[in-house]
Amino acid sequence: MTTAGLTSTPHRRRPRRQSGWRGLLYIAPAMALVSLFFVLPVLFTVWMSLHKWPLLGAPAWIGLGNYTRMFTDARFLNTLGFTAHYTLVVTIAIFAVAFPLAIFVEKQRPLVSAYRTIIFLPVVVGLASASLLWVWLANVDSGLFSPLFQMLGLTSGRINLLAKFDTAFLTIIVMVVWKIAGFTMIILLTGLQAIPTELTEAARIDGAGRWQRFRHLTLPLMRRTMALALILSVTGSILAFDQFYIMTSGGPQNKMISVVYYIFNQSFVSFNLGYGAALSIALLVILVTLSVLQLWLLKVGDERP
């Protein structure tokens with residue numbers, strides 16, 4: 001029996017090896033695409049960041065000079081602070097709107113499909129198109145908001161909403177929430193619909209109120225879904241560019257320049273390609289760090305028995 005068992009071992013391992021090679025063959029096209037369009041560009045960007053890379057002329061090796069320059073670049077530090085402030089405000093605003101909407105459309109009620117469609121419609125509009133639309137809406141002469149506010153008595157006259165930092169920042173926040181909240185609502189809706197109805201009914205029978213069910217049942221079971229929505233929202237906010245470039249051009253007084261906007265200026269306006277590459281790598285490190293930190297804080301990978 002022992003000899004038979006030993007002789008049969010290679011025959012048992014052979015199919016596993018073949019399936020392993022077959023699996024690698026299946027994922028080879030995806031690996032090739034990821035390597036071609038992500039890994040290689042990142043490696044080349046790292047190489048550029050170690051040089052003084054002008055638009056014309058030969059690059060000059062400067063090592064970590066571009067990275068050390070970041071810590072003394074006051075404009076970059078200001079854009080980093082503004083981006084963090086914007087990310088915090090817009091993420092809270094999106095969740096504050098999307099979560100109640102997800103709870104509202106999760107229940108079966110008349111016209112619920114129409115509600116879901118209407119709320120989701122702004123998502124299909126491109127961010128650049130949405131920004132141009134809101135530039136027109138906020139226009140002091142031909143727009144909608146300024147005369148509407150004057151008619152409602154909210155302002156004494158027509159005002160340019162994009163002329164001052166506070167009103168421009170608020171306008172951009174409202175536009176982004178209008179544009180993105182429907183997408184976040186759909187993500188949260190899938191999490192709500194994945195909660196077994198048996199658990200909800202059992203909690204209701206045991207006397208748990210609506211708030212108790214939401215706090216002790218809904219939120220824990222939606223941890224993974226909320227982590228996904230949070231990571232997408234934070235990542236998209238940190239990478240914000242279109243709304244600031246189109247709606248305010250970084251103004252007023254260059255107070256609304258995001259990190260990506262600053263990278264764009266350094267790379268394609270000032271043609272400091274090496275420094276722009278270093279800023280891009282620093283931003284990539286920030287995004288990866290924040291994503292890992294969010295997953296850890298929300299304990300997404302925690303497998304409880």
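Counting begins at 1 with the first residue of the sequence.
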Engineer: Does one hydrophobic cluster hold both Ile205 and Ile195, with members joined at side-chain heavy-atom distances below 4.5 Å?
Structural biologist: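 In one cluster: no.
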Engineer: Which heavy atom of Met48 sits nearest a heavy atom of Asn66, and at what distance?
Structural biologist: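 For Met48 and Asn66, the tightest heavy-atom pair comes out as O-ND2, 4.4 Å.
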Engineer: Tell me which donor-acceptor pairs under 3.5 Å the side chains of residues 181-193 have, and how far apart each pair is, sequence neighbours excluded?
Structural biologist:
residue : atom : partner : partner atom : Å
Thr190  : OG1  : Ile187  : O            : 2.5

Engineer: Does anything in residues 166-182 form a side chain to side chain donor-acceptor pair (under 3.5 Å)? List the pairs, not counting sequence neighbours.
Structural biologist: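 Passing the test, one end in residues 166-182: no pairs.
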Engineer: If the condition is side-chain hydrogen bond (donor to acceptor under 3.5 Å, both in side chains), which residues does Thr83 pass it with, not counting sequence neighbours?
Structural biologist: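 For Thr83 there are no side-chain hydrogen bond (donor to acceptor under 3.5 Å, both in side chains) partners, ignoring immediate neighbours.
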Engineer: For Phe149, what residues pass the ring-ring contact (aromatic ring centres under 6.0 Å, His included) criterion, not counting sequence neighbours?
Structural biologist: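 Here no residue qualifies.
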Engineer: Would you name the heavy atoms of Pro252 and Lys164 that are closest together and state the gap between them?
Structural biologist: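 Shortest heavy-atom separation between Pro252 and Lys164 comes out as CG-C, 3.6 Å.
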Engineer: Which heavy-atom pair separates Gln243 from Leu127 by the least distance, and what is that distance?
Structural biologist: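 Looking at all heavy atoms of both residues, the shortest contact is OE1-CD2, 3.4 Å.
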Engineer: Side chain to side chain donor-acceptor pair (under 3.5 Å): which pairs involve residues 37-49, sequence neighbours left out?
Structural biologist: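 Passing the test, one end in residues 37-49: Ser49-Tyr67.
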Engineer: Rounded to the nearest 0.5 Å, what separates atom OG in Ser146 from atom CG in Leu137?
Structural biologist: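 Output value for this atom pair is 11.5 Å.
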Engineer: Is it the case that atom CZ in Arg109 sees more than 12 heavy atoms from other parts of the structure closer than 6.0 Å?
Structural biologist: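 Above 12, so yes.
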Engineer: Under the rule for side-chain hydrogen bond (donor to acceptor under 3.5 Å, both in side chains), what residues qualify as partners of Ser142, not counting sequence neighbours?
Structural biologist: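 Per chain and number, Ser142 pairs via side-chain hydrogen bond (donor to acceptor under 3.5 Å, both in side chains) with Asn139.
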Engineer: Can you name the residues that form a salt bridge (Lys or Arg N to Asp or Glu O under 4.0 Å) with Glu201, not counting sequence neighbours?
Structural biologist: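 Counting only residues at least two positions away or on another chain, Glu201 forms a salt bridge (Lys or Arg N to Asp or Glu O under 4.0 Å) with Arg204.
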Engineer: Are there over 12 heavy-atom neighbours, none belonging to Phe268, within less than 6.0 Å of that residue's CZ?
Structural biologist: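 It does not: Phe268 CZ has 12 such atoms or fewer within range.
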Engineer: Please confirm whether the ring centroid of Phe214 lies under 6.0 Å from the ring centroid of Phe99.
Structural biologist: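 For Phe214 and Phe99, the ring centres are under 6.0 Å apart.
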Engineer: Find out whether Leu199 and Leu217 are in side-chain contact, i.e. whether some heavy atom of one side chain is under 4.5 Å from a heavy atom of the other.
Structural biologist: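 A side-chain contact exists here, since the closest heavy-atom pair is under 4.5 Å.
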Engineer: Side-chain atoms of residues 70-77: list all donor-acceptor pairs with protein atoms under 3.5 Å, sequence neighbours left out, distances to 0.1 Å.
Structural biologist:
residue : atom : partner : partner atom : Å
Thr72   : OG1  : Arg69   : O            : 3.1
Asp73   : OD1  : Arg75   : N            : 3.2
Asp73   : OD1  : Phe76   : N            : 3.4
Asp73   : OD1  : Tyr262  : OH           : 3.3
Asp73   : OD2  : Tyr262  : OH           : 2.6
Asp73   : OD2  : Tyr275  : OH           : 2.6

Engineer: Within a strict 4.5 Å, meaning less than it, do heavy atoms of the Tyr86 and Ile238 side chains meet?
Structural biologist: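 A side-chain contact under 4.5 Å is absent here.
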Engineer: Of the non-hydrogen atoms in Arg213 and Ala208, which two are nearest, and what is the gap between them?
Structural biologist: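 Taking Arg213 first and Ala208 second, the nearest heavy atoms are NH1-O, 2.9 Å.
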Engineer: With sequence neighbours left out, what residues match Tyr245 under side-chain hydrogen bond (donor to acceptor under 3.5 Å, both in side chains)?
Structural biologist: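 Tyr245: no side-chain hydrogen bond (donor to acceptor under 3.5 Å, both in side chains) contacts found.
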Engineer: Using ring-ring contact (aromatic ring centres under 6.0 Å, His included) as the criterion, list what pairs up with His85, not counting sequence neighbours.
Structural biologist: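 Partners of His85 by the ring-ring contact (aromatic ring centres under 6.0 Å, His included) criterion, ordered by chain and then number, come out as Phe169.
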Engineer: Is the centre of the Tyr261 ring less than 6.0 Å from the centre of the Phe241 ring?
Structural biologist: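 Yes.
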Engineer: Between Leu144 and Val140, is there a shared hydrophobic cluster once you connect ILVMFWY residues whose side-chain heavy atoms come closer than 4.5 Å?
Structural biologist: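 No.
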Engineer: If you look at every heavy atom in Thr91 and Ser237, which pair is closest and at what distance?
Structural biologist: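 The answer is OG1-OG, 3.9 Å.
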Engineer: Indicate every side-chain donor-acceptor pair of residues 112-120 with a distance under 3.5 Å to a residue at least two apart or in another chain.
Structural biologist:
residue : atom : partner : partner atom : Å
Arg116  : NE   : Val105  : O            : 3.1
Arg116  : NH2  : Val105  : O            : 2.7
Thr117  : OG1  : Ser113  : O            : 2.9

Engineer: If hydrophobic residues (ILVMFWY) are linked whenever their side-chain heavy atoms come closer than 4.5 Å, directly or via other members, who joins Ile92 in its cluster?
Structural biologist: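 Under the 4.5 Å side-chain rule, Ile92 groups with Leu88.
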Engineer: How close do Leu273 and Pro54 get, heavy atom to heavy atom, and via which atoms?
Structural biologist: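 So the minimum-distance heavy-atom pair works out to CD1-O, 4.1 Å.
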Engineer: Would you kindly confirm whether Trp61 and Phe44 end up in one hydrophobic cluster when ILVMFWY residues are joined by side chain heavy atoms under 4.5 Å apart?
Structural biologist: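 Same hydrophobic cluster.
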